[in-house]
There are 2 protein chains.
Amino acid sequence: MGLTKTEIFTDEQNQLSQLLKAMAHPARIAILQRILKSNTCICGDLVEELGLAQATISQHLKELKNAGIIQGTIEGVSVCYCINPIVWKQLELQLGAFLGSYKGEANCC
Amino acid sequence: MGLTKTEIFTDEQNQLSQLLKAMAHPARIAILQRILKSNTCICGDLVEELGLAQATISQHLKELKNAGIIQGTIEGVSVCYCINPIVWKQLELQLGAFLGSYKGEANCC
DNA sequence: TAATTATATTGCAATATTACGATAAGTCTT
DNA sequence: AAGACTTATCGTAATATTGCAATATAATTA
């Protein structure tokens, strides 16, 4: 096995889990935080700032890009990455609704 | 390799990525949604409602429990799971701050 | 055009995850 | 205690992820 059974879940569940998975790595959180901080985009600064090899950073960026969370633009020699506003907003809404649907303590456990 | 370099990240980054990872699977999202819906807890209903084997569900529950997102109480023959309010709130805050720190479009890409 | 710089891709080894059957462990009923 | 029932754990096979060196690709500069 070892293969997630996506067929049995809703599109929403699969989609949300994809986005979460893309963010579920400390390096990718660090990358996103870095992008959020320098409101402007960044590029290979990451390789210096995080302690990971260039190939590894590039791979993490690719995953974030594949998930649609960030987008990259070629800027001369380097590449400039930034948040994809649409996906980010969607994530914010979806996650907000999900997390917010918990109505504290009450009855259980 | 194949081993995440947690040493080089902050506790916050590692912790948040752990929580996200625990939720980053459609089955575990489905489980959480199920728990959120029946505000009360649930148990082996999941095995019937999701189309996964009992061992698989049990494993997913264990992961959610290990991450601290849910907690289980033995209730006679069955086990009752529910949200851990403290961790949930923390997640809500941390993620809210993270996602909310993006100040739309502006300059880039 | 050649050298330089920045990023992407490939190939690989180590480790992690997913799913499940089989089985163990625990609780309840009789 | 014996059986029924629920949940956990173990073992295993398939697949995915992580990280990096090496190399390829692309743009800029000399």
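Throughout, protein chains are lettered first and strands after them, A, B, ... in sequence-line order, and every chain is numbered starting at 1.
The listed nucleotides are dT9(C), dC20(C), dT6(D); the one nearest the side chain of Val77(B) is dT6(D). Checking dA19(C), dG21(C), dT9(C) against every side-chain atom of Ser58(A), the shortest atom distance belongs to dT9(C). In this structure, the nucleotide among dT15(D), dT9(C), dG19(D) sitting nearest to the side chain of Ala55(A) is dT9(C). Nearest to the side-chain atoms of His25(A) among the listed nucleotides dA8(D), dA19(C), dT18(D) stands dT18(D). With dC20(D), dT17(C), dT18(C) as the candidates, the nucleotide lying closest to the side chain of Lys21(B) is dT17(C). Nearest to the side-chain atoms of Arg28(A) among the listed nucleotides dA8(C), dT18(D), dT7(D) stands dT18(D).
Backbone-only engagement by Ala53(A) is indicated by non-hydrogen atom pairs under 4.0 Å involving sugar-phosphate atoms exclusively. Ser78(A) comes within 4.0 angstrom of the backbone, heavy atoms only, and of no base. Note on Gln59(B): a base of the nucleic acid sits closer than 4.0 angstrom, heavy atoms only. The residue Ile57(A) sits apart from the nucleic acid: no heavy atom pair falls under 4.0 Å. At the heavy-atom level, Leu52(A) lies under 4.0 Å from the strands shown only through sugar-phosphate atoms. Within 4.0 Å (heavy atoms only), Thr4(A) reaches sugar-phosphate atoms of the nucleic acid but no base atom.
Checking Asp45(B) against Ala24(A), the closest nucleotide of DNA chain D that is more toward the 5' end is the one next to Asp45(B). Between Thr56(A) and Lys5(A), the residue anchored closer to the 5' end of DNA chain C is Thr56(A), taking for each the nucleotide with the nearest heavy atom. Ranked by how close their nearest DNA chain D nucleotide is to the 5' end, Ala27(A) and Leu3(A) are led by Leu3(A).
Rounded to whole Å, atom P of dA8(C) lies 13 Å from atom CD of Glu75(A). Computed from coordinates, the Ile42(A) CD1 to dA6(C) P distance equals 15 Å when rounded to whole Å. Look at CG on Leu61(B): it is 14 Å from C1' on dT9(D), rounded to the nearest Å. Between the CD atom of Gln18(A) and the P atom of dT18(C) there is a distance of 12 Å, rounded to whole Å. For Lys62(A) and dT25(D), the NZ to C1' distance is 14 Å, given to the nearest whole Å. Atom CG in Leu20(B) sits roughly 16 Å away from atom C1' in dT17(D) (whole-Å rounding). We find that CE of Met23(B) is positioned 18 Å from C1' of dT17(C), with the value rounded to whole Å. In this structure, Ile74(B) places its CD1 atom 11 Å from P of dT7(D), rounding to the nearest Å.
Side-chain N/O atoms of His60(B) include one lying less than 4.0 angstrom from OP1 or OP2 on dA19(C). The side chain of Tyr81(B) places no N or O atom within less than 4.0 Å of a non-bridging phosphate oxygen (OP1 or OP2) of dT6(D).
By the 30° and 60° cut-offs, the orientation of the rings of Trp88(A) relative to Phe98(B) is perpendicular. Using bins of under 30°, 30° to 60° and over 60° for the plane-to-plane angle, the ring pair His25(A)/Phe9(B) lands in the perpendicular bin.
Formation of a donor-acceptor pair under 3.5 Å by the Glu48(A) side chain with backbone atoms of Asp45(A) is not found in this model. The backbone N or O of Ala22(A) sits less than 3.5 Å from a side-chain atom of Arg28(A), completing a donor-acceptor pair. Remark: side-chain polar atoms of Ser17(B) are paired, donor with acceptor, to backbone N or O of Gln13(B) under 3.5 angstrom. Between the side chain of Asn84(B) and the backbone N or O of Ile70(B), no donor-acceptor pair lies under 3.5 Å.
Judged by distance alone, with hydrogens and angles left aside, Gln54(A) brings no side-chain donor or acceptor close enough to the base of dA6(C) to form a pair under 3.5 Å.
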